[in-house]
Enquirer: 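There's a structure below that I have some questions on.
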Amino acid sequence: MTKHGQSSKAAVHITGADTLKNNNYTIMDYNFQDIEKKWRQTWAAEKTYHVGEDTTKPKYYVLNMFPYPSGAGLHVGHPLGYIASDIYARYKRLCGYNVLNPMGYDAYGLPAEQYAIQTGQHPAITTVNNINRYRDQLDKIGFSFDWDREVRTCDAEYYHWTQWAFQRMFDAFYCNTCQKAQPISRLVAHFAAHGTEGLDVACSETLSFTAAEWNTMSEKEQQQVLMNYRLAYLGETMVNWCPALGTVLANDEVVDGLSVRGGHPVVQKKMKQWCLRVSAYAQRLLDGLDTIDWSDSIKETQRNWIGRSEGTEMEFSVKDSDQHFTIFTTRADTIFGVTFMVLAPESELVGELTTADCRADVEAYVEATKRRTERERIADRKVTGVFTGSYAVNPFTGEDIPIWVSDYVLAGYGTGAIMAVPAHDSRDYAFARHFSLPIIPLIEGADVSEESFDAKEGTVMNSPQQGKQGLDGFSLNGLTVKEAIAATKRFVTEKGLGRVKVNYRLRDAIFSRQRYWGEPFPVYYKDGMPRMIPEACLPLCLPEVSKFLPTETGEPPLGNAAKWAWDEANSQVVDKALIDNVTVFPLELSTMPGFAGSSAYYLRYMDPHNDKALVSPEADAYWQNVDLYIGGSEHATGHLIYSRFWNKFLHDLGVSCQDEPFRKLVNQGMIQGRSNFVYRIKETNTFVSLGLKDQYDVTPIHVDVNIVQNDVLDLEAFKAWRPEFATAEFILEDGRYICGWAVEKMSKSMYNVVNPDVIIEKYGADTLRLYEMFLGPISQSKPWDSNGIDGCFRFLRKTWNLFFTRDGQWAVSDEAPTKANLKTLHKLIKKVTEDIETFSYNTSVAAFMIAVGELAQQKCTSRQVLEPLCILMAPFTPYVAEELWHQLGHDTTVCDAQWPAYDETCMVEDTVTLSVSFNGKTRYTIDLPAGASREEAEAAALGAPQAARYTEGFQVVKVIVVPGKIVNVVLKK
RNA sequence: GCGCUUGUGGCGAAAUUGGUAGACGCGCCAGACUUAGGAUCUGGUGGCCCCGGCCGUGUAGGUUCGAGUCCUAUCAGGCGCACCA
């Protein structure tokens, strides 16, 4: 047994276990450890949070972005969104909804594979270990997840449906006329009957052939043509190749020319890759934003990313040649100011239009551009370019315009060729100045001597220039820019010079990754063309490999798999050695990217064990789509675009009944770390407290935040922390060592990671939940600061003490509540209900603190007040609410209780306070019977004893009566 | 450059949406109980002050009896897009 000093010291700790062991405290003190352990077990055993399709109740679907189970485990930032959504889910259930609140794991990904490469441990094993650790941590926090619906993206029964969806995309094209995906067989039928005549479909490049031509094509040629239209297609495209990671990356996985994961350089490379025709859905992705309840900033980010731009495509012919080419512009009105044309270096036109005497220069330029990485291009934006030797003909004026090549024009956008109007485009302006090309201003009053005038405003002039003649007398002079754009579009369309065209910045998603730990493609290659393995043979399981690195020949890691070939005759995977390209064929070696598995998981949660379909029509019809989705805003241009695309495709297929997957989106902010520092005097082992550090030459050193409390360092713990500090000496202030602090990313290397397990051990999960919500608005990023947590713990203990006396007696009585009790309760009901609906959880917690304080002061013991209080707390602090609920004599879970109704009559006051003000100042206040009329308020204001000082010469101009609140009488001279 | 967003005590933050700015919590100060306190409880806590008040929501104007809130301009931070024609 411990010595006296130590055992009584244990009592100062506020853990339940310590108080239990010590006679200074009673056994009925708020003992969260026992309470939480008990209910954790009971909920699991009784499947309290299991949910089915209950058609007698309205449904509500709450979803968190599922986590990637990293090796580091959860820190206190991870559960923030889960707690917020759990509160909402529990609240909705108490309001009578049938609530789906599932959880799972986004289990495929790079870190597990990197770890496998380094250690040889199979990613499947590390992933399962990590998942188990996550599950342990999540379970402690008291979420109302239905774990029977858990999904893991790396499970074959899950990725079955990822592969299935991919195959459906392969078998589909997008019809622009009906704005919908259609089976590819319809396209084949159309080709056979009409060729490309009358076709308006999404494609990689516009093809033109007759039915007769189609019908004489070989099978392989037909397949190559179809690849141009499929929603999942094999495309030769410029990709972001990351040599360090050995894989291609999607645009949203690259920032500033570096990979998001790892920060490795990324170069452009032409490769054959699987792609998803996301661009076909650009308009629907844009339109859908108007129908969903997301924050403006996320919607705007997506609008930017989609980048719709309405403009005109115009045909330009080439001088002394029968060649012509198309450009895209949003400023068709500036056609009279075109002084040169520019082609992207990658454009195929470059080769065709370059004259013999310019060829050497142009080729050198194109080569030089190719060698520059995207990063170099961004870093160094010098104006460069070269003349092709050719001239285009301005269709409106017949003038010759030199054609240049420059890397400021992008091959991937529009047609890869532009008409340059230096007077009204800053990039063209810089180019014109650099190469001394003419600049013709077209807007009255625009001064283009120093810079271009880019704004789309003003009155048009010089269109055409004086003394010149536009085509068929066409002139824009005197029009506003907006009118001029419209007039030019009309004219261009009528004369057949071009067409109105909408362009999107959104590119197709590259869907191949040269990695091991991802979904394999259900694809094999026959005669050089990809074939889908039969649907009945799905899932195609990820094979074992001898090592996780690429093969010596540069093939993806699946090239190391021995058993990785497709036996077409027997519809099975067989050994690679058997490949004969007659009945046994090679399988695809790349795997799918991270967003594949996360694109439709919300549908799978509706029906997670269905082995016949991704989701049954019944389950889909019942759950519809996600009502509330919570997750970080960093997925704005990745997951949140891809899953909307994926869902729209499944909607076209009739699999998902809703066009949009996530009705309401709430972005939780990130929780940053709050690092602590100690200051070592240079060349010594002496540490000086924060307030005195400026008197010395010191080095700040990160110190583990777990041995610091309220910025005061635990000296003994510090000495024990690391061997080199064992002999540390300290210069203290006021007998204490005060640490410095800074807000940084929460990470191991900063020693500022706070593990939720530690908080739960010390304070309990209810306190953790409450505190995370109390920290501030959920959408805001904020640093974690363990200091305030005591306040939340004290609140829970005070609450407990409403139900139990100090000596452990049950304190709840059947006494009727007082008027004050009811007012406190209903004020709380109103506030908490409103706050939950608006996700203002931090102010709800404050409201609870006030209410409990008031009830304690009122010495309230009434069951009629304390029972509703218990229900109100259930979403926030489920453990203690459940315990008290049972102590109140219920034998069903508090989750099945009914949310208390707000009764306004409890709020009516006997008197209200009337404040009388003039000149913007409250001069005096008087009490007034509640429900007094305006006239009575006015009379009382002027008749009050204090009034004489103020009211002389003043008149009442306004009387403000707010029920139960301040009444204000405003006076004016 | 364009778009979104945020500026309030020592700190995290509230403010009934135009009506007593700083609720609630942390921290700090004082007191109580204590051998002791990183425990618990009670009270205080925006600044200045001649103790009557005065000044206070990034800055400067405006509307109003009244502005943190609405309008105009401006400054600062955060995020997104960015040679997209």
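Chain naming here is simple, since letters A, B, ... match the order of the sequence lines and numbering starts at 1 in each. Bear in mind that the values here come from a model prediction, so they are computed numbers and not experimental data.
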Enquirer: Rounded to whole angstrom units, what separation is found between the CG atom of A:Asp835 and the P atom of B:rU16?
Expert: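 So the CG-P distance, A:Asp835 to B:rU16, works out to 11 Å.
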Enquirer: What is the distance, rounded to the nearest whole Å, between atom NZ of A:Lys762 and atom C1' of B:rG38?
Expert: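 One finds 8 Å between C1' of B:rG38 and NZ of A:Lys762, rounded.
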Enquirer: Under 3.5 Å, which protein N or O atoms sit close to an N or O of nucleotides 27-32 of chain B? Give each pair with its distance.
Expert:
from, atom 1, to, atom 2, distance (Å)
B:rG27, OP1, A:Asn710, ND2, 3.2

Enquirer: Is there a residue in residues 842-852 of chain A whose heavy atoms reach under 4.0 Å of RNA chain B, and which residues are they?
Expert: A:Asn842, A:Thr843, A:Ala846, A:Met849, A:Ile850
Enquirer: Please report the shortest heavy-atom distance between A:Tyr841 and A:Ile836, naming the atom on each side.
Expert: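 Answer, listing the atom of A:Tyr841 first, then A:Ile836: CE2-CA, 3.9 Å.
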Enquirer: Rounded to whole angstrom, note down the P distance from B:rU5 over to B:rC70.
Expert: 12 Å
Enquirer: Would B:rU17 be called syn or anti here, given the cut-off of 90° from 0?
Expert: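 Here B:rU17 takes the syn form, which means its glycosidic angle is within 90° of 0.
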Enquirer: What integer distance in Å separates A:Asp333:CG from B:rA85:P?
Expert: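 Value for this atom pair: 14 Å.
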Enquirer: Determine the Euclidean distance between corresponding C1' atoms of B:rG78 and B:rC71; express it in Å to zero decimal places.
Expert: 25 Å
Enquirer: Using heavy-atom distances to pick each residue's nearest nucleotide on RNA chain B, tell me which of A:Gly307 and A:Gly791 is more 5'.
Expert: A:Gly791
Enquirer: For B:rA85 and A:Tyr408 - does any side-chain N or O of the residue sit under 4.0 Å from the phosphate oxygens OP1/OP2?
Expert: no
Enquirer: In terms of ring plane angle, is the pair A:Phe431 and A:Tyr408 parallel, tilted or perpendicular, where the classes change at 30° and 60°?
Expert: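 Judged by the thresholds at 30° and 60°, the geometry between A:Phe431 and A:Tyr408 is tilted.
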Enquirer: Among B:rC81, B:rA15, B:rA85, which nucleotide sits nearest the side chain of A:Asp425?
Expert: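 Of the options given, the side chain of A:Asp425 lies nearest B:rA85.
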Enquirer: Take the angle between the ring planes of A:Phe435 and A:Trp404 and call it parallel below 30°, perpendicular above 60°, tilted in between.
Expert: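 A:Phe435 vs A:Trp404 ring planes: tilted.
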Enquirer: Pick out the pairs of N or O atoms, protein on one side and nucleotides 1-9 of chain B on the other, that lie under 3.5 Å.
Expert:
from, atom 1, to, atom 2, distance (Å)
B:rG3, O2', A:Glu300, OE2, 3.4

Enquirer: Where do A:Tyr737 and A:Ser689 come nearest, in terms of heavy atoms and distance?
Expert: CE1-N, 3.3 Å
Enquirer: I'd like to know if the side chain of A:Ser452 reaches the main chain of A:Asp454, judged simply by a donor and an acceptor atom lying under 3.5 Å from each other, with no hydrogens or angles considered.
Expert: no
Enquirer: Say you pick atom P in B:rU64 and the same atom in B:rU69; how far apart are they, in whole Å?
Expert: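 My reading of the P atoms in B:rU64 and B:rU69 gives 16 Å.
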Enquirer: Strictly under 3.5 Å: I want the nitrogen or oxygen pairs between protein and nucleotides 73-79 of chain B, one per line.
Expert:
none

Enquirer: Mind calculating the distance between CG (A:Asp714) and C1' (B:rG37) to the nearest angstrom?
Expert: 14 Å
Enquirer: In whole Å, what separates the P atom of B:rG9 from that of B:rA13?
Expert: 12 Å
Enquirer: A:Val366: what forms a side chain to side chain contact (heavy atoms under 4.5 Å, CB included) with it, not counting sequence neighbours?
Expert: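 A:Val366 satisfies side chain to side chain contact (heavy atoms under 4.5 Å, CB included) with A:Pro345, A:Val350, A:Val362 once adjacent residues are dropped.
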Enquirer: Using a 4.0 Å heavy-atom cut-off, does A:Pro777 contact any base of the nucleic acid, only the sugar-phosphate backbone, or nothing at all?
Expert: sugar-phosphate
Enquirer: Donor-acceptor check, side chain of A:Asn667 to backbone of A:Gly631, threshold 3.5 angstrom: yes or no?
Expert: yes
Enquirer: Counting only heavy atoms from other residues, nucleotides and ligands, does the tally under 6.0 Å from CD of A:Glu837 exceed 12?
Expert: yes
Enquirer: Below 4.0 angstrom from OP1 or OP2 of B:rC81, is there any side-chain N or O of A:Arg303?
Expert: no
Enquirer: Check whether more than 12 heavy atoms from other residues, nucleotides or ligands sit under 6.0 Å from atom CD of A:Glu634, and answer yes or no.
Expert: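 Buried by this count: over 12 neighbours within 6.0 Å.
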Enquirer: Where each pair must be Watson-Crick or G-U wobble with both distances under 3.5 Å, what dot-bracket representation of RNA chain B is obtained, with crossing pairs in [ ] and other-strand partners as |?
Expert: (((((((..(((......[....)))((((((.......))))))(((....)))..(((((..]....))))))))))))....
Enquirer: A:Asn503 has an atom CG; how far is it from atom C1' of B:rA82, in whole Å?
Expert: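 To the nearest whole Å, that distance equals 17 Å.
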Enquirer: Need the glycosidic conformation of B:rG46: syn if within 90° of 0, anti if not. Which one?
Expert: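 The base of B:rG46 is oriented anti (glycosidic angle more than 90° from 0).
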Enquirer: Could you tell me whether A:Ile418 contacts a base, only the sugar-phosphate backbone, or nothing, with contacts defined as non-hydrogen atoms closer than 4.0 Å?
Expert: base
Enquirer: Return the set of residues passing side-chain hydrogen bond (donor to acceptor under 3.5 Å, both in side chains) with A:Lys827 (not counting sequence neighbours), or none when no residue passes.
Expert: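 Scan of A:Lys827 (side-chain hydrogen bond (donor to acceptor under 3.5 Å, both in side chains), adjacent residues dropped) gives A:Glu854.
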Enquirer: Say you pick atom P in B:rA23 and the same atom in B:rA76; how far apart are they, in whole Å?
Expert: 32 Å
Enquirer: With sequence neighbours excluded, what pairs up with A:Lys830 under the side chain to side chain contact (heavy atoms under 4.5 Å, CB included) test?
Expert: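 A:Glu834, A:Tyr902.
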Enquirer: Starting at the 5' end of RNA chain B and moving along, which residue's nearest nucleotide shows up first, A:Asp785 or A:Gly788?
Expert: A:Asp785
Enquirer: Could you list the residues that satisfy salt bridge (charged side-chain N to carboxylate O under 4.0 Å, His left out) with A:Arg433, not counting sequence neighbours?
Expert: none
Enquirer: With a 4.0 Å cut-off on heavy atoms, is A:Arg507 in touch with a base, just the backbone sugar-phosphate, or nothing at all?
Expert: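 The answer is base, as A:Arg507 lies within the cut-off (heavy atoms under 4.0 Å) of a base atom.
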Enquirer: How far does the P atom of B:rG80 sit from the matching atom of B:rC11, given to the nearest Å?
Expert: 27 Å
Enquirer: Please report, rounded to the nearest Å, how far the P atom of B:rG25 is from the CG atom of A:Leu768.
Expert: 19 Å
Enquirer: Quantified in whole Å, what is the C1' atom distance between nucleotide B:rA21 and nucleotide B:rG47?
Expert: 14 Å
Enquirer: Which of these passes side-chain contact (heavy atoms from CB on, under 4.5 Å) with A:Thr301: A:Thr637, A:Ile641, A:Leu640?
Expert: A:Thr637
Enquirer: Hey, does A:Asp428 reach any base, or is it just sugar-phosphate, or nothing, if we go heavy atoms under 4.0 Å?
Expert: nothing
Enquirer: If you only use heavy atoms from C-beta on, which nucleotide in B:rC41, B:rA13, B:rA85 is closest to the side chain of A:Phe328?
Expert: B:rA85
Enquirer: Hey, can you tell me if A:Phe453 and A:His424 have their rings parallel, tilted or perpendicular (30° and 60° cut-offs)?
Expert: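 It falls in the perpendicular class, over 60°.
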Enquirer: Whole-Å distance between B:rC26 C1' and A:Tyr763 OH?
Expert: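 Rounded to whole Å, this separation is 12 Å.
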Enquirer: So, the side chain of A:Asp428 versus the backbone of A:Val421: is there a donor-acceptor pair under 3.5 Å, distance only?
Expert: yes
Enquirer: For A:Val758, what residues pass the side chain to side chain contact (heavy atoms under 4.5 Å, CB included) criterion, not counting sequence neighbours?
Expert: A:Asn755
Enquirer: Please tabulate, for the side chains in residues 498-506 of chain A, all donor-acceptor contacts under 3.5 angstrom to protein atoms that are two or more places apart in sequence or on a different chain.
Expert:
from, atom 1, to, atom 2, distance (Å)
A:Arg499, NH1, A:Glu313, OE1, 2.6
A:Arg499, NH2, A:Glu315, OE2, 3.0
A:Tyr504, OH, A:Gln283, OE1, 2.3
A:Arg505, NE, A:Asn304, O, 3.3
A:Arg505, NE, A:Trp305, O, 3.3
A:Arg505, NH2, A:Trp305, O, 3.4

Enquirer: Among residues at least two apart in sequence or on other chains, which ones pass side chain to side chain contact (heavy atoms under 4.5 Å, CB included) with A:Ala856?
Expert: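 Result, side chain to side chain contact (heavy atoms under 4.5 Å, CB included) vs A:Ala856: A:Leu802.
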Enquirer: Measure CH2/A:Trp800 against C1'/B:rU40 and give the value in whole Å, please.
Expert: 19 Å
Enquirer: If you measure from the P atom in B:rG61 to the same atom in B:rG52, how many Å do you get, rounded?
Expert: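 32 Å, rounded to whole Å.
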Enquirer: Does A:Lys382 pair with A:Asp407 as a salt bridge, N-O distance under 4.0 Å?
Expert: no
